[in-house]
Every structure is written in structure tokens, then in C-alpha cells.
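Residue numbers run from 1 in the order of the sequence given. Bear in mind the structure is a predicted one, so any value in this text is a computation, not a measurement. Hydrogens, waters and symmetry mates are skipped; everything else that's a heavy atom, side chains included, is used.
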Amino acid sequence: MATLYVENVPDDLYEALREQARKRRKSIAAEVIELLDQHVPTQAEVKRRERLFQKALRMSQAEPLSPGPFPSAEEMIREDRER
């Protein structure tokens, strides 16, 4: 496992990080690792997102399974109220 040293962290940023770690009952190092994990995607995560994007793109371009057009939600509610 690699070690990361960060120099010249602005005092206000360090204090905010320290306070956040204290509220979550974690060390500053554990808090930084969690933040990096949440906000810096790994190569595997980038590939997963690309696959998901391609799947969504294919789904949006696919022909609908049933014919349309369908009534709007407003029209359906109005029709139901008139019964």
C-alpha cells in the first residue's frame, strides 16, 4: 500500500478536515482516504461508468416495445376524474 504525504495544506482547509474527521470519529488520515475514495475514480470505476453510459445510450436509442403515443399524465388524471 502506498503512502501519501501532502505539504502546504492551507490552515483553514486542514481545520475543516480535522473537524469533519472528529465529527465522524475518524482519524484525519482515514477521512482523507474516504474522501479520495469517493471523489477520485479508479480505472475500474471509469470503465464501469463507461459501460453504464453505453448501456443507457443503447436503451435511449432503442425502439419502444409498444406503439405510442400515449396520453399525458394530465389527460389520464382528467379522464379518471370524469368517471
Side-chain angles (χ1 to χ4, degrees):
M1 188 173 280
T3 302
L4 175 67
Y5 295 101
V6 180
E7 295 180 354
N8 303 320
V9 177
D11 291 337
D12 58 337
L13 180 59
Y14 182 80
E15 288 303 318
L17 181 61
R18 189 166 86 177
E19 182 63 21
Q20 185 171 322
R22 186 190 66 76
K23 285 179 181 176
R24 296 180 185 198
R25 296 183 177 179
K26 294 183 176 184
S27 68
I28 294 174
E31 188 67 22
V32 169
I33 289 171
E34 185 173 326
L35 288 168
L36 289 171
D37 188 46
Q38 290 174 357
H39 298 284
V40 180
T42 62
Q43 194 167 13
E45 178 64 16
V46 171
K47 287 181 182 179
R48 188 189 71 79
R49 291 178 187 182
E50 178 64 26
R51 286 192 307 269
L52 182 62
F53 175 74
Q54 292 300 326
K55 183 177 180 179
L57 192 59
R58 284 192 306 274
M59 288 174 67
S60 72
Q61 294 172 344
E63 291 292 323
L65 297 175
S66 57
F70 298 101
S72 70
E74 291 174 349
E75 292 171 328
M76 291 172 31
I77 291 170
R78 192 173 299 119
E79 180 184 324
D80 190 47
R81 287 181 180 165
E82 291 174 354
R83 287 189 210 170

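Contact check for I28 versus R22: no side-chain heavy atoms found under the 4.5 Å cut-off. Inter-residue side-chain proximity for T42 and D37 is flagged as unmet; no heavy-atom pair is nearer than 4.5 Å.
Note that CZ of R51 is 8.5 Å distant from NZ of K47, once rounded to the nearest 0.5 Å.
Partners of Q38 according to the side-chain hydrogen bond (donor to acceptor under 3.5 Å, both in side chains) rule, which considers only residues two or more places apart in sequence or in another chain, are E34. The side-chain hydrogen bond (donor to acceptor under 3.5 Å, both in side chains) search around Q54 returns E50, not counting sequence neighbours. Residues passing the side-chain contact (heavy atoms from CB on, under 4.5 Å) test with S72, sequence neighbours excluded: E74, E75. Qualifying side-chain contact (heavy atoms from CB on, under 4.5 Å) partners for V40, counting only residues two or more places apart in sequence or in other chains: L36. Residues satisfying the side-chain hydrogen bond (donor to acceptor under 3.5 Å, both in side chains) criterion with E45, sequence neighbours excluded, are R48, R49.
A 6.0 Å sphere centred on CZ of F53 holds no more than 12 heavy atoms belonging to other residues, nucleotides or ligands. At most 12 non-hydrogen atoms from other residues, nucleotides or ligands lie less than 6.0 angstrom from CG of D11.
In the hydrophobic cluster analysis, where Ile, Leu, Val, Met, Phe, Trp and Tyr join through side-chain heavy atoms closer than 4.5 angstrom, L4 is grouped together with L17. Tracing side-chain contacts under 4.5 Å through hydrophobic residues (I, L, V, M, F, W, Y), one reaches V6 starting from L35; they form part of the same cluster. There is a path of hydrophobic side-chain contacts, each under 4.5 Å, that joins V9 to V32.
Residue pairs meeting the salt bridge (Lys or Arg N to Asp or Glu O under 4.0 Å) criterion with at least one partner in residues 53-73, sequence neighbours excluded, do not occur; the list is empty.
Contact record, A21 with S27: CB-O, 3.8 Å, taken as the closest heavy-atom pair. Heavy-atom minimum distance, P41 versus V46: CB-CG2, 4.0 Å.
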